[in-house]
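Take a look at the structure set out below.
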Amino acid sequence: SKKKGLSFEEKRARMMEIFFETKDVFQLKDLEKIAPKEKGITSMSVKEILQSLVDDGMVDTDRIGTSNYFWAFPSKALHARKRKLEELESQFAESSQKKEALQKSIEKSKTGREDTAERAALLKELAALRQKKEQLKTEIDKYRECDPDVVEEMRQTNQVAKEAANRWTDNIFSIKSWAKRKFGFEESRIDKGFGIPEDLDYID
């Protein structure tokens with residue numbers, strides 16, 4: 001089956017990993033080389049991902065001479081994320097309260113009445129608030145994905161998965177070596193018989 005590409009938010013989280021893990025300063029051209037190789041982000045999307053992080057205050061940028069430089073440190077990113085989350089959660093709570101009040105108004109307007117212009121206007125506003133509420137939920141989730149703690153957890157999970165894959169690769173090599181000694185099988189015959197890829201190797 002075809003490998004599923006990274007979502008926009010997964011790319012943002014992986015881009016933040018580069019900054020958090022290296023604690024270094026980069027130019028765009030550096031990130032366009034590093035991101036595809038180390039994080040699976042296509043070089044063509046690096047600029048867009050980086051700009052979205054700059055716009056959200058997750059990554060800092062400054063122009064020195066003719067070049068733009070980018071950096072982000074976990075402590076600043078965490079504070080920026082907390083401020084943004086507090087702002088979004090406040091908006092979310094306000095929208096929820098307004099939605100609840102409108103819902104009550106709509107229910108009240110139904111009592112002993114036919115459809116009215118006021119009720120239609122309230123329904124329209126309620127629909128707009130529902131849409132705004134969903135947008136805010138999506139944005140809150142976006143900032144959670146760039147949480148340094150989440151990024152670190154992802155990094156540790158990736159490391160555990162890599163070590164597990166390498167252990168299995170080591171086991172396969174050991175079994176192949178034993179089969180060659182014990183039965184005199186050729187390596188290609190073992191690979192073919194057990195469906196082992198010819199290019200099987202350890203993950204760096």
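Quick note: numbers below take in every heavy atom, side chains included, and nothing from hydrogens, waters or symmetry partners. For the single chain, residues carry numbers from 1 onward in sequence order.
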One pair to check against salt bridge (charged side-chain N to carboxylate O under 4.0 Å, His left out): Arg12 and Glu9. What are the steps and the verdict?
CA-CA 5 Å; Arg12 281 167 54 95; Glu9 294 312 321; 3.1 Å; yes

Pairwise distance CD(Glu134) to CZ(Phe92) - rounded to 0.5 angstrom:
7.5 Å

How close do Trp71 and Tyr69 get, counting heavy atoms only, and between which atoms?
CZ3-O, 3.7 Å

Heavy-atom count check: over 12 atoms from other residues, nucleotides or ligands less than 6.0 Å from Gln135 CD?
yes

Treating Ser67 as the side-chain partner and Ile64 as the backbone partner, does any N or O pair qualify as donor plus acceptor under 3.5 Å?
no

Closest contact, heavy atoms only, Phe19 versus Ala72:
CB-O, 3.5 Å

Please identify each residue that fulfils side-chain contact (heavy atoms from CB on, under 4.5 Å) with Val54, with sequence neighbours left out.
Gln51, Val59, Thr61, Phe70

Between OG1 of Thr42 and CD of Glu48, what distance do you get to the nearest 0.5 Å?
9.0 Å

Look at the side chain of Lys23 and the backbone N and O of Phe20, then say whether any donor-acceptor pair between them is shorter than 3.5 Å.
yes

Nearest heavy-atom approach of Arg14 to Lys39 is NH1-O, 2.8 Å

Nearest-0.5 Å distance that lies between atom CG in Leu53 and atom CG in Asp60:
11.0 Å

Spacing of Met16 atom CE and Ile18 atom CD1 [to the nearest 0.5 Å]:
10.5 Å

Of all pairs that satisfy salt bridge (Lys or Arg N to Asp or Glu O under 4.0 Å), the ones with a partner from residues 24-33, not counting sequence neighbours
none

If every non-hydrogen atom of Pro36 is compared with every non-hydrogen atom of Leu31, which pair is closest and at what distance?
CD-O, 3.9 Å

To the nearest 0.5 Å, what is the distance between CG (Asn68) and CG (Leu28)?
8.5 Å

What distance separates Glu10 CD from Ile49 CD1, expressed to the nearest 0.5 Å?
10.5 Å

Looking only at non-hydrogen atoms, find the nearest pair between Lys11 and Ser45 and report the distance.
NZ-OG, 3.7 Å

After noting the C-alpha distance and the side-chain angles of Glu17 and Glu38, does the key distance pass the side-chain contact (heavy atoms from CB on, under 4.5 Å) rule?
CA-CA 10 Å; Glu17 283 182 3; Glu38 296 188 8; over 6 Å; no

For Ser95, enumerate each residue passing the side chain to side chain donor-acceptor pair (under 3.5 Å) test, keeping only those at least two apart in sequence or located in another chain.
none

